[in-house]
**Student:** 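What follows is a structure written as structure tokens; I'll ask about it next.
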Amino acid sequence: MYTSEFTYHKASSVSDALAQLASNPDAKLLAGGHSLIPTMKLRLASPSALIDVSSLPELRGIRTEGDTIIIGAMTTHRELEFSKVPLLSEVARLIGDPMVRNKGTIGGALAHADPSADYPAAILALNAKIKIQSSSGARVVTADEFFQGMFTTALAPGEMLVEIHVPASVKGAAYEKFAHPASRYAVAGVAVVVHSDGSLRAAVTGAGDHAMRLTKLESEGVSSACKGLVSASDLMGDHFASAEYRAHLVDVMASKALARAK
Amino acid sequence: MAQVVAVTMTVNGVKSTHHPEPRTLLVHYLREKLGLTGTHVGCDTSQCGSCTVHVDGMAIKSCTMFAVQAEGANVTTIEGMGEIGHLHALQTGFWEEHGLQCGFCTPGMIMSSADLLSHNPNPSESEIRHALEGNFCRCTGYHNIVKAVQNAAHSMAQSAMAQAADD
Ligand SMILES: Cc1cc2nc3c(=O)[nH]c(=O)nc-3n(C[C@H](O)[C@H](O)[C@H](O)COP(=O)(O)OP(=O)(O)OC[C@H]3O[C@@H](n4cnc5c(N)ncnc54)[C@H](O)[C@@H]3O)c2cc1C
Ligand code: FES
Ligand code: FES
């Protein structure tokens, strides 16, 4: 399958990419391409230009500053899988298959905000922060502010996700997903994190139209029975799994994740 | 006129330059510009892994990457793994363990397995199955594929030991 025609520009720096993006509102950033290229092949997206940012050294790699781990947006799932980043290394290992993990990036996955993507649950439970840059400056948003709806985030046109900030240490963390048997995407995936101050955060992906916090579990704390955490009326249903079944899966995944995290 | 871009890459040790459109997928570049038809297109939707090749040593799905993205890269396809008389241990393993029937998935299976063995020379059965999650086979039921990878891991370890004894 061929995509529609586009012009290709390999960005030489973040500022070059942002300038290109500002000059052509129809252009799209190309990261690992593992959501964008399949979408373009099906012609569900036909950008007139691609700006390749995948190999920019400024956007790659994982470093620690004080009690924060800073992950460059173009760090691949594979690099995270083999890293020591709390929770995210475990989550990365469960994404797709090895070839997907060799190309796909965490920044691309978060910007895409697929309702069944794995990282969003972990990012919410870790209380991560996301650094966004545009030609007019940079801003940092919380995970809660970032995910807004199906394929919808706090990123405005002309903006680029550049870094993810996560706590360097947590008391306990786990991610459990019921994977779609073919694609491995989450039918329901639950992340639970016990933070160093003892607070508990939990979130679910795959079940609703976007990743969301599990507030009932959070308020019940580590002794939660994980029963009726979400209502089916807030979830999605499709030919593969009804909303009622997804609600049940959320309870099951949550109790497994909680047992490992606490 | 559609934009064309000069792309230079080294494929199986041979460097060449061509001028594809940016939308040319790496798999079509390999098959149509370079005539390397060992890399297959199964699903064309990023699922089946029959198009797997190595780019700078890592297994990727060449139907989900544009040729321009491989500018300057070192690419290895199944044709670069071995040849009659000098087969790669994985090719021998698939042969000996009857790891293929129609053979359509085999080039991709071998490229993914080679990536696995490069960072895990002695994988368990479940590690092999996890590593081959992106490669579909419609014939074998996977059982003999797992045996083929174990066979290759074993013979690669033996030749590494023989090599070490020689040094
Ligand atoms: C077979 C298959 C199975 C998969 N299974 C899973 C799975 O189990 N779980 C899962 O979570 N995901 C899965 N994925 C998706 C995969 O994780 C993708 O890598 C990811 O969704 C997108 O990241 P990317 O780097 O490939 O981004 P791209 O596809 O390059 O980009 C995605 C979108 O984000 C935009 N974008 C990219 N980078 C930035 C940036 N820095 N700032 C702003 N916008 C940006 C792009 O313009 C595009 O619109 C699967 C994909 C495939 C093909
Ligand atoms: S043809 Fe590339 S994954 Fe199926
Ligand atoms: S041998 Fe036929 S698809 Fe695998």
Side-chain angles (χ1 to χ4, degrees), chain A residues 1-12 27-55 74 76-79 81-82 92-105 108 179-185, chain B residues 1-7 20-28 41 43-73 108-109 111-116 118-120 123 127-136:
Chain A
M1 278 183 287
Y2 277 83
T3 69
S4 0
E5 285 176 17
F6 59 85
T7 55
Y8 174 85
H9 177 77
K10 186 164 182 153
S12 57
K28 270 196 171 292
L29 298 172
L30 176 64
H34 271 53
S35 290
L36 185 55
I37 297 175
T39 318
M40 287 174 64
K41 284 167 81 176
L42 296 172
R43 308 231 173 171
L44 297 171
S46 299
S48 61
L50 289 185
I51 305 160
D52 189 349
V53 291
S54 59
S55 49
M74 295 300 103
T76 61
H77 308 327
R78 176 175 174 135
E79 286 159 341
E81 175 183 0
F82 290 107
R93 183 174 191 274
L94 299 177
I95 294 177
D97 57 58
M99 291 82 93
V100 172
R101 298 197 289 275
N102 282 342
K103 282 299 285 179
T105 69
H180 187 285
S183 72
R184 317 309 297 172
Y185 272 103
Chain B
M1 246 298 274
Q3 183 197 19
V4 291
V5 277
V7 176
E21 281 185 58
R23 62 176 173 163
T24 304
L25 296 166
L26 180 59
V27 68
H28 294 312
V41 181
C43 64
D44 212 357
T45 54
S46 318
Q47 316 268 339
C48 76
S50 67
C51 62
T52 304
V53 301
H54 290 190
V55 173
D56 293 329
M58 273 192 302
I60 60 96
K61 293 174 183 173
S62 61
C63 77
T64 313
M65 178 170 174
F66 298 114
V68 278
Q69 293 176 272
E71 165 64 29
M109 287 287 176
M111 300 316 286
S112 293
S113 305
D115 185 329
L116 168 70
S118 72
H119 59 88
N120 183 356
E127 286 170 334
I128 295 172
R129 289 187 185 273
H130 182 68
L132 295 179
E133 263 172 2
N135 294 85
F136 296 175

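The chains referred to below are lettered A, B, ... by the order of the sequence lines, with proteins before strands, and numbering in each begins at 1.
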**Student:** Quick one: OH on Tyr2(A) to CD on Glu21(B), what's the gap to the nearest 0.5 Å?
**Tutor:** 8.0 Å
**Student:** Side chains of Asp115(B) and Met99(A): does their closest heavy-atom pair fall under 4.5 Å?
**Tutor:** no
**Student:** What distance do Thr52(B) atom OG1 and Asn102(A) atom CG have between them, rounded to the nearest 0.5 Å?
**Tutor:** 10.0 Å
**Student:** Anything in residues 53-62 of chain B with a heavy-atom distance to chain A below 4.5 Å? Please list those residues in order.
**Tutor:** Met58(B), Ala59(B), Ile60(B), Lys61(B)
**Student:** If you measure from CE on Met65(B) to CG on Leu30(A), what distance do you get to the nearest 0.5 Å?
**Tutor:** 9.5 Å
**Student:** Please state whether the side chain, the backbone, both or neither of Ser55(A) comes within less than 4.5 Å of a heavy atom of chain B.
**Tutor:** neither
**Student:** Between OG1 of Thr3(A) and CZ of Phe66(B), what distance do you get to the nearest 0.5 Å?
**Tutor:** 4.5 Å
**Student:** Testing the basics here: between Pro22(B) and Tyr8(A), what is the closest heavy-atom pair and its distance to 0.1 Å?
**Tutor:** CB-CB, 3.7 Å
**Student:** For Leu36(A), is it the side chain, the backbone, both or neither that has a heavy atom under 4.5 Å from a heavy atom of chain B?
**Tutor:** neither
**Student:** Need one label for Arg93(A): side chain, backbone, both or neither, based on atoms under 4.5 Å from any heavy atom in chain B.
**Tutor:** both
**Student:** I'd like to know if the side chain of Lys41(A) reaches the main chain of Ser46(B), judged simply by a donor and an acceptor atom lying under 3.5 Å from each other, with no hydrogens or angles considered.
**Tutor:** no
**Student:** Could you give the distance from CZ (Arg23(B)) to CE (Met1(A)), rounded to the nearest 0.5 Å?
**Tutor:** 13.5 Å
**Student:** Is it the backbone or the side chain of His28(B) that comes under 4.5 Å from a heavy atom of chain A, or both, or neither?
**Tutor:** side chain
**Student:** Need one label for Val68(B): side chain, backbone, both or neither, based on atoms under 4.5 Å from any heavy atom in chain A.
**Tutor:** both
**Student:** Go through the atoms of Glu71(B) and report whether side chain, backbone, both or neither lie under 4.5 Å from a heavy atom of chain A.
**Tutor:** neither
**Student:** Which atoms form the tightest heavy-atom contact between Gln69(B) and Ile37(A), and what is the distance?
**Tutor:** OE1-CD1, 3.8 Å
**Student:** What are the two closest heavy atoms between Pro38(A) and Thr64(B), and how far apart are they?
**Tutor:** CD-CG2, 4.0 Å
**Student:** Listed by chain and number, what are the ring pair (Phe, Tyr, Trp, His ring centres under 6.0 Å) partners of His9(A), not counting sequence neighbours?
**Tutor:** none
**Student:** Evaluate the ring planes of Phe82(A) and His119(B), with Trp represented by its six-membered ring, and classify them as parallel (under 30°), tilted (30 to 60°) or perpendicular (over 60°).
**Tutor:** perpendicular
